[in-house]
Amino acid sequence: MTQIPTYDVCAVGNAIVDVLAPCDPAFLTAQGLTAGSMQLVDAGQSAALYAAMAPGVEASGGSAGNTVAGIGSFGGRAAYIGKVADDQLGAVFSHDVRAAGVAFDTPPLKDGAAAGLATGVCMINVTPDGQRTMCTFLGAANQLSAADIDADLIGASAIVYLEGYLFDPAPARAAFEAAAAAAHAAGRKVAITLSDTFVVARWRAELLAFIEASADIVLANEGELAALFENEDFDAAAAHLGRIVETAAITRGEAGSVVFGNHGAERVEVAAVPVGKVVDTTGAGDQYAAGFLLGLARGLSLEDSGKLGSLAAAEVIAHWGPRPMTSLEGLAKDAGLTLV
């Protein structure tokens with residue numbers, strides 16, 4: 001008999017500190033950056049971009065880290081597995097994630113600075129329309145391996161959530177396999193977010209193989225979905241994803257989201273929550289995942305889980321930074337969405 005989980009979600013991801021700054025489109029062009037994209041950079045490229053950017057603000061981030069912070073804001077129980085270095089930014093990240101009520105005990109990377117592996121950092125330039133363009137130096141985050149996977153922690157979590165950005169390095173992919181195996185051995189669910197169209201384009205075949213073999217829940221946006229199936233027809237691609245996994249959620253920005261359940265037998269459209277002004281879209285998908293996964297973990301319907309996701313996404317795009325600034329638990333109560 002499966003035990004009652006201690007945690008709603010245990011997330012495995014890149015532990016990153018974000019540096020966010022405003023910019024105009026001309027800055028992106030001058031830096032050779034594609035608007036709205038995410039690309040990996042080395043330490044030197046990261047430092048050079050930082051020097052060119054406008055004054056910014058630092059905020060602990062990383063896609064899955066943002067998600068578990070959102071779950072904590074909802075009053076949920078979350079845990080996190082990710083690698084930081086034993087340095088100042090690593091201490092900042094660790095403090096911030098624990099302050100959000102998230103269990104985080106992954107040992108830091110020792111002597112990372114000597115090997116050029118400081119705590120990961122993401123330079124995020126935000127244009128006036130709220131779109132973010134990201135350049136990520138993974139550093140220590142790239143050193144996560146199967147040895148860091150705590151099978152007992154995952155077994156104590158209703159859902160293990162895997163960040164697609166981690167699919168790039170082979171050791172991290174091995175960590176994915178270990179986490180999925182531990183979850184299924186304990187009778188738990190495995191969720192994965194596709195994270196970025198460039199990740200999907202690089203690893204399309206491998207991602208599909210992993211999803212079909214190991215994932216119960218998949219989260220994606222329209223671009224990632226199209227890249228996964230090399231099909232620009234949204235309805236056809238969405239139905240395909242819905243068939244191959246138990247549960248899928250595809251976000252569509254202002255058009256809300258489409259959620260599939262029971263291997264495509266159920267299809268629900270969820271409206272976006274209106275926002276007065278979009279300030280910064282950083283973390284929108286991460287916070288949608290927070291609400292959606294928490295809803296599933298607590299046994300809510302597909303529709304109500306999607307509504308929680310939309311609520312969290314709307315909160316985060318109305319201000320700077322990738323994590324909630326208003327209690328999501330309070331917003332959920334105001335919207336009549338009850339978590340038990």
Side-chain angles (χ1 to χ4, degrees), residues 7 9-21 38 40-51 53 55-73 76-124 132 134-150 153-154 157 161 163 165-166 169 171-172 175 179 280 282-283 286-287 290 316 319-325:
Y7 300 102
V9 176
C10 176
V12 182
N14 280 325
I16 302 286
V17 175
D18 293 335
V19 178
L20 301 102
M38 192 291 286
L40 300 178
V41 297
D42 60 27
Q45 291 170 314
S46 180
L49 180 59
Y50 180 62
M53 287 166 59
V57 295
E58 291 182 359
S60 293
S63 177
N66 296 336
T67 295
V68 290
I71 290 170
S73 183
R77 304 179 301 269
Y80 183 75
I81 296 172
K83 205 75 169 175
V84 297
D86 189 13
D87 58 16
Q88 183 176 351
L89 284 182
V92 168
F93 182 94
S94 300
H95 169 270
D96 288 353
V97 74
R98 291 170 183 149
V102 177
F104 176 48
D105 298 306
T106 309
L109 181 68
K110 299 293 184 182
D111 302 319
L117 294 171
T119 294
V121 62
C122 182
M123 302 300 170
I124 304 177
R132 78 281 188 276
M134 301 182 289
C135 292
T136 304
F137 167 60
L138 290 172
N142 214 18
Q143 301 304 301
L144 188 76
S145 70
D148 294 306
I149 299 301
D150 184 336
L153 178 65
I154 287 173
S157 306
Y161 178 56
E163 179 186 315
Y165 285 126
L166 266 175
D280 172 19
T282 307
D286 304 333
Q287 295 310 324
V316 81
H319 59 72
W320 278 88
R323 298 186 176 183
M325 291 186 177

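Quick caveat, the model's predicted, so the values are computed rather than measured.
Note: Met123 CE to Tyr50 OH = 6.5 Å, rounded to the nearest 0.5 Å. A distance of 5.0 Å separates CD1 in Ile154 from SG in Cys10, rounded to the nearest 0.5 Å. Taking CZ of Arg323 as the start and CG of Asn66 as the end, the distance is 5.0 Å to the nearest 0.5 Å. Within the model, atoms OH of Tyr165 and CG of Leu40 stand 9.0 Å from one another, a figure rounded to the nearest 0.5 Å. In this structure, the separation between SG on Cys122 and CE on Met134 is 5.5 Å, given to the nearest 0.5 Å. In this structure, the separation between CD1 on Ile81 and OG1 on Thr106 is 5.5 Å, given to the nearest 0.5 Å.
Residues Phe93 and Tyr80 place their aromatic rings such that the two centres sit under 6.0 Å apart.
At least one side-chain heavy atom of Ser46 sits under 4.5 Å from a side-chain heavy atom of Val121. For the pair Ile16 and Leu138, the minimum side-chain heavy-atom distance is below 4.5 Å. Using a 4.5 Å heavy-atom threshold, the side chains of Val9 and Ser157 count as separate.
The shortest heavy-atom contact between Cys135 and Val41 is CB-CG1, 4.0 Å. Counting all heavy atoms, side chain and backbone alike, Ala179 lies closest to Val12 at CB-CG2, 4.5 Å. Across all non-hydrogen atoms, the minimal contact from Pro322 to Gln287 is O-NE2, 3.0 Å. Of all heavy-atom pairs spanning Leu166 and Ala141, the tightest one is CD2-O, 4.2 Å. When all heavy atoms are compared, the tightest approach of Ala140 to Ala85 is CB-N, 3.5 Å. The minimum heavy-atom distance between Met53 and Ala21, with the atom names listed, is CE-CB, 3.7 Å.
Judged purely by distance below 3.5 Å, without hydrogens or angles, the side chains of Thr67 and Asp286 never pair a donor atom with an acceptor atom.
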Show every donor-acceptor pair shorter than 3.5 Å between a side-chain atom in residues 95-104 and any protein atom, with sequence neighbours excluded, or say none if there are none.
{"residue": "Asp96", "atom": "OD2", "partner": "Ser60", "partner atom": "OG", "Å": "2.6"}
{"residue": "Arg98", "atom": "NE", "partner": "Phe104", "partner atom": "O", "Å": "3.0"}
{"residue": "Arg98", "atom": "NH2", "partner": "Phe104", "partner atom": "O", "Å": "2.8"}

Before giving the answer on side chain to side chain contact (heavy atoms under 4.5 Å, CB included), spell out for Leu153 and Tyr7 the whole-Å C-alpha distance, their side-chain angles and the decisive distance to 0.1 Å.
CA-CA 8 Å; Leu153 178 65; Tyr7 300 102; 3.5 Å; yes

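The side-chain hydrogen bond (donor to acceptor under 3.5 Å, both in side chains) test with Lys83 is passed by exactly one of Asn142, Thr119, Asn14, Asp148: Asp148.
Between the side chain of Asp18 and the backbone N or O of Leu20, no donor-acceptor pair lies under 3.5 Å. Of the possible donor and acceptor atoms, one in the side chain of Gln45 sits under 3.5 Å from a partner among the backbone N and O of Asp42. In this structure a side-chain-to-backbone donor-acceptor pair under 3.5 Å is missing from Glu58 to Val19.
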